[in-house]
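What follows is one structure encoded as structure tokens, with my remarks underneath.
These numbers come from the heavy atoms of this one structure, side chains and all, not from hydrogens, waters or symmetry mates.
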Amino acid sequence: LTAAAPQTPAQRAPGRETFRFVVLGHIRGSREHRINPKLAEVLDEVRTIRPAFVVLAGDIIWGDVDSNPSRPAELIAEWNSVDSALATLGVPIYRVPGNHDIPDVGARDIWVRRYGRPPSVVTVRGTRLILLTSAFIPPDGDTTHHKYMNGVDLDSGQVAFLKRTLADTGYSHTFVFTGHLLWWERPDGRWWREVHPLLVAARVDNVFSGDYGPLKFSTRELGGVRYYQTSIEGSAPSLAMLQRRIGSRLLSS
């Protein structure tokens with residue numbers, strides 16, 4: 001995608017500056033391969049695009065989800081490996097968490113120390129990036145582990161954050177990012193009742209999500225807002241996931 005930088009009326013002429021960015025969803029590895037075997041190839045492709053920045057749409061690492069609680073040393077080693085690979089791109093990397101990235105309180109604290117507490121907003125050349133979290137963020141004292149695989153609806157705090165952020169106008173483009181496909185997973189959820197109308201009213205350009213969905217890559221448009229799903233998977237879905245989710249069977253087939 002290309003996004004135009006903001007300009008004064010006198011500057012709005014053919015040939016104005018544009019830039020590219022890349023969204024990668026679900027780049028995590030697997031139980032057997034903590035780093036996605038396809039990651040190096042994906043990053044080679046990203047380099048050819050020369051993006052201004054990259055956004056990672058959740059499930060960036062495997063996340064030690066099989067250990068309860070997750071082991072900090074294992075998580076830090078995974079993050080160091082992935083971040084070292086991403087650093088070779090030489091561009092800013094923005095992230096939203098997935099369920100594998102924050103399976104419990106310990107993992108939450110590591111994420112916050114490294115990347116800040118979600119949600120957040122970033123401005124790049126007059127374009128606004130709104131980074132939401134569809135992953136469950138466990139509160140202090142929570143002892144659950146990998147509680148919601150399919151993510152959770154935005155809570156009232158995030159909806160309020162979104163309202164405040166969208167009330168600030170004057171940007172060339174506005175893009176929203178989440179880890180899970182709340183707009184697909186929950187047809188009767190809060191997203192369509194409360195969030196989508198806010199996006200339409202604010203003329204948000206696109207919503208980007210990672211994770212599994214109807215396909216590995218899919219899109220839909222409603223009310224002028226274009227939704228995108230992107231998922232890069234390093235291994236086939238497990239038998240348990242195939243049995244549990246029709247979406248996984250579609251992906252496998």
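Around atom NZ of Lys147, more than 12 heavy atoms belonging to other residues, nucleotides or ligands sit under 6.0 Å away.
In terms of the side-chain contact (heavy atoms from CB on, under 4.5 Å) criterion, residue partners of Ala240 (sequence neighbours excluded) are, by chain and number, Ser238, Arg244. For Ser81, the side-chain contact (heavy atoms from CB on, under 4.5 Å) partners two or more places apart in sequence, or in a different chain, are Ile35. Asn68 is linked by a side-chain contact (heavy atoms from CB on, under 4.5 Å) to His145, counting only residues two or more places apart in sequence or in another chain. Applying the side-chain contact (heavy atoms from CB on, under 4.5 Å) rule to Thr178 yields the partners Leu132, Ser134, Trp191, Ser209; only residues at least two apart in sequence or on another chain are considered. Every residue two or more places apart in sequence or in another chain that forms a ring-ring contact (aromatic ring centres under 6.0 Å, His included) with Phe136 is listed here: Tyr148. Contacts of Tyr171 classified as ring-ring contact (aromatic ring centres under 6.0 Å, His included), with partners at least two apart in sequence or in another chain: none. Scanning for side chain to side chain donor-acceptor pair (under 3.5 Å) contacts around Ser70 gives Asp104, with sequence neighbours left out. Residues forming a side chain to side chain donor-acceptor pair (under 3.5 Å) with Asn99 (at least two apart in sequence, or on another chain): His146, His180. With sequence neighbours left out, the side chain to side chain donor-acceptor pair (under 3.5 Å) criterion links Thr123 to no other residue.
The main-chain N or O of Glu45 is found under 3.5 Å from a side-chain atom of Thr48 such that the two form a donor-acceptor pair. Put simply, the side chain of Arg108 gets close to the backbone of Pro138: a donor and an acceptor are under 3.5 Å apart.
Each of Arg28, His100, Arg34 was evaluated against Glu78; a single residue qualifies, Arg34, per the side-chain hydrogen bond (donor to acceptor under 3.5 Å, both in side chains) test. Under the side-chain contact (heavy atoms from CB on, under 4.5 Å) rule, Phe177 has a single partner from Val122, Leu129, Ile130, which is Leu129.
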Would you be so kind as to tabulate the donor-acceptor pairs closer than 3.5 Å made by side chains of residues 149-160, with sequence neighbours excluded?
from   : atom 1 : to     : atom 2 : distance (Å)
Asp153 : OD2    : Arg190 : N      : 3.1
Asp155 : OD1    : Gly157 : N      : 3.2
Asp155 : OD1    : Gln158 : N      : 2.8
Gln158 : OE1    : Thr133 : N      : 3.0
Gln158 : NE2    : Thr133 : O      : 2.7

Can you give the donor-acceptor pairs under 3.5 Å from side chains of residues 85-94 to other protein atoms, not counting sequence neighbours?
from  : atom 1 : to    : atom 2 : distance (Å)
Thr88 : OG1    : Arg47 : NH2    : 2.5
Thr88 : OG1    : Ala85 : O      : 2.6

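Within the structure, the side chain to side chain donor-acceptor pair (under 3.5 Å) test picks out the following pairs touching residues 109-118 (sequence neighbours left out): Asn80-Arg114, Asp83-Arg114, Asp83-Tyr115.
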Decide yes or no on side-chain contact (heavy atoms from CB on, under 4.5 Å) for Arg128 and Asp168, but give the supporting numbers first. CA-CA 10 Å; Arg128 179 170 49 181; Asp168 181 20; 4.0 Å; yes

Apply side-chain contact (heavy atoms from CB on, under 4.5 Å) to the pair Leu199 and Leu166, showing each step before the final yes or no. CA-CA 8 Å; Leu199 306 183; Leu166 293 176; 4.1 Å; yes

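Under the 30°/60° scheme for interplanar angles, the aromatic rings of Trp183 and Tyr227 are found to be tilted.
The residues Arg31 and Asp66 are annotated as salt-bridged, a charged nitrogen and a carboxylate oxygen being separated by less than 4.0 angstrom.
When all heavy atoms of Val65 and Pro103 are compared, the pair lying nearest together is CG1-CB, 4.1 Å. Considering every non-hydrogen atom in both Leu222 and Val200, the closest pair reads O-CG2, 4.3 Å.
Residues Phe217 and Tyr228 keep their aromatic ring centres 6.0 Å or farther apart.
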